[in-house]
Every structure is written in C-alpha cells, then in structure tokens.
Amino acid sequence: AKKQGRNNIKFYTTAMNQATLERLRIETALRNALEREQFVLHYQPQVDLASGRIVGVEALLRWQHPELGMVAPQRFIALAEDTGLIVPIGAWVMREACTQVQRWHAAGLDTLRLAVNLSARQFNEPNLVALIAEVLQETGLPPACLELELTESLFMHDVALAVSQLHDMKALGVQLSIDDFGTGYSSFAYLRTFPIDVLKIDRSFVGDVARDADDAAIVVSIIALAHNLKLRVVAEGVETAEQLDYLRQHGCDEAQGYYFSHPLPAHEVEVLLRSAIHD
Ligand code: C2E
Ligand code: CA
Ligand code: CA
Ligand code: CA
C-alpha cells in the first residue's frame, strides 16, 4: 500500500507539472499571439426584427494559431483572464473593432452599432474608462454606436465600484448591455441601480422557445421586463425560422444567431452590408 501511495504521489505530481506546463505554454503562446498579430475579430450581425435590417454587429475574438488553426474563445479566454493577459488583448479588441466599424460608417454603409464583450478583469481595471474614451477619440466612432456587453458576474465583486464604473462609462455616451441575461445571479436590484440600456436573452432560453412552455415563459417575461424598464431586448442564438417567428410575435426588438449569419470576418460582413443597401 505504501508503495502504491508513493506511485500515486508521483503520478499526481507529474500530472500537476503537466497541467502547469500546459498553462505556461498557453500563456507564452497568448503573449506571443498579441505581438505576432495572431488575433482576429469576427463580427456577427444583429438584426432589427421589425425592419429586418442589420443594425449592429458583435465583435467576437478568434485566435489564428499557426499550427492549431482558428481557436475559439472558450479555449483561451478563461486563461487570458487568469493571467491578466485579457487586459492588453481586450484593449486590442476595442481598438480594432472600433476602427473597423468606423471604417464602415465612413464608407457610407449603414450606421451600425458595435457590441464589444468585456471580461471581469477588464471591467475592474481602473484604466478602462480612459481606454474607451481614447479609442473613441482616435477612431471617431460615435460613442452612442458603441455597446459594451457585460455579464452579471462582473457586478458581484464590488457593487459600489461597479456602479461608479458604469456611470463613468455612461458619461462617455456609450450603451451598456447585460449579456447572457437570466443565467447569472440575476437580481432585480441591479436593474434599478445600474444604468443599463439593453438585455441580451441567453441562447439557452432561445433554443426551445417555440416548443418548451417554461423557456417560452422565461423569454416572454424577459421581453416584458426589458420593455417595462424601457430597455432594448436582443435574443441571441437564433437558429430557426420558428424561433425567429416566436420572438418577433412576442415583441423582441433584435436578434442574432446562425439563422441570420455566423460570425464572419470583416470583408464578408462588408459584402452583406453592401447587398443590404442595394435591396
Ligand atoms: P457570447 O458573448 O455569449 O457570444 C455569443 C457566442 O454564441 C459566440 O461564440 C457566437 O459565435 C455564438 N453563437 C452565435 N450565434 C449562435 C447560434 O445561433 N447558435 C449557437 N449555438 N451559438 C451561436 P464564440 O464566438 O465562440 O464566443 C464565446 C464566448 O467567448 C462569448 O460568448 C464571450 O463570452 C467570449 N468572447 C468572445 N470574444 C470576446 C472578447 O473579445 N472579449 C471577451 N472578454 N470575451 C469574448
Ligand atoms: Ca456577448
Ligand atoms: Ca451572450
Ligand atoms: Ca453565452
């Protein structure tokens, strides 16, 4: 038994070292990725359900790894968050996305709104508001066109700090949206306390909305809640005509999802926008 115990310990240490090494490897790779410009943004159209027009895009980060190919954010965002690398990566995302969308504005394409995801680590950076102000100034993107997507978990650490940070952001003229609404530790209190403009219904409620009575009840309630609070409501993860019909019939303002378009590289979004203009 003693011998086996020792083996277990040895096995455990080896496994741990491997995990540590793996993390270190990814951390180094992430650091290099920024310098070597391996990050790219894809943009997913957001459609106004009354007019059918593309009114915005959400910027979604991709890592174009020389060997691994296109790496999805689930595989590296958490680690970027843990190591703090999300801060410089997030700053790059902000600058790149605002530059791109302002370019579309300047080209006479529809005056799109741009949604950018913020992580907890970024949100807690004291410099964040200054960074956003600087990027808006540099790129010329109208502040009202920038929407920052926040998750409910960001508000949990320090409510007072969150309130002041959100008010500083609002003072810049940007819009604030709550991502994945309904999945976090939702509290009605923060809807009253925080200067929010948009609720995004999490896609886990949208998938079965046309079939599951509970999901339908939740979606209809979120739409009513948003409208009663004078907020815009956006459904994410719309994949079928059935889901879209349901959402439209129940007054949802906007939607995004594979039904309309996958997230696309900038030049492909541009093709979509140009064809929409000629309709
Ligand atoms: P999210 O903010 O909830 O983004 C929506 C995710 O749903 C995206 O995954 C998008 O590709 C996917 N999606 C869109 N339409 C559909 C659909 O119809 N069906 C299904 N099944 N999925 C759909 P993606 O791009 O892999 O991003 C995953 C998450 O990574 C994002 O979730 C967000 O939390 C995070 N993320 C992405 N880009 C950034 C970024 O620049 N900064 C930060 N902090 N987080 C980011
Ligand atoms: Ca999002
Ligand atoms: Ca979401
Ligand atoms: Ca989500």
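Order of listing sets the numbers, starting from 1, for every ligand and every atom in it. FYI, side chains are in, hydrogens and waters are out, and symmetry mates aren't considered; it's all heavy atoms of this structure. Count residues from 1 along the sequence.
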Is the contact between [X] and ligand 1 made by the side chain, the backbone, both, or neither, using heavy atoms and a 4.0 Å cut-off?
X      : answer
Asp202 : neither
Leu61  : both
Ser119 : both
Thr151 : neither
Gln74  : side chain
Ile77  : side chain

I'd like to check [X] versus [Y] (side-chain heavy atoms, cut-off strictly below 4.5 Å). Are they in contact?
X      : Y      : result
Glu254 : Val47  : no
Gln165 : Leu128 : yes
Val234 : Leu199 : no

Close approach of Gly237 to ligand 1, heavy atoms, under 4.0 angstrom: yes
Gln256 near ligand 1 by a heavy-atom separation under 4.0 Å: no
Candidate list Gln256, Arg113, Gln44, His42, test side chain to side chain donor-acceptor pair (under 3.5 Å), partner Glu58, passing option: Gln256
Nearest heavy atoms of Ala226 and Val233, plus distance in Å: CB-CB, 3.7 Å
Qualifying residue, where the test is side chain to side chain contact (heavy atoms under 4.5 Å, CB included) with Asn117 and the options are Val93, Leu60, Thr151: Leu60
Indicate whether the side chain of [X] and that of [Y] have a donor and an acceptor atom separated by less than 3.5 Å.
X      : Y      : result
Glu152 : Tyr190 : yes
Glu81  : Ser119 : yes
Ser51  : Asp48  : yes

Those atoms of ligand 1 less than 4.0 Å from some heavy atom in [X]:
X      : result
Glu239 : 17 (C), 18 (O), 19 (N), 20 (C), 21 (N)
Glu236 : 3 (O)
Asp180 : 3 (O)
Val93  : 41 (O)
Glu58  : 2 (O), 4 (O)
Arg203 : 6 (C), 7 (O), 12 (C), 20 (C), 21 (N), 22 (N)
Pro263 : 11 (O)

Selected option - heavy-atom contact closest to atom 36 (N) of ligand 1, from Pro73, Gly207, Ala59: Pro73
From Gln44, His42, Arg62 - option closest to atom 25 (O) of ligand 1 by heavy atom: Arg62
Carboxylate-amine/guanidinium proximity below 4.0 Å for Glu239 and Arg203: no
Presence of salt bridge, Arg121 and Asp82, under 4.0 angstrom: no
Flag if over 12 foreign heavy atoms under 6.0 Å of CZ, Arg31: no
Neighbouring protein N, O or S atoms of the Ca ion (ligand 2) [cut-off: under 3.0 Å, no waters]: Glu58 OE2, Asn117 OD1, Glu149 OE1, Asp179 OD2
Tyr43 and Trp104 aromatic ring geometry - parallel, tilted or perpendicular at 30°/60° bounds: perpendicular
Shared hydrophobic cluster for Leu150 and Leu231 (ILVMFWY, side-chain gaps under 4.5 Å): yes
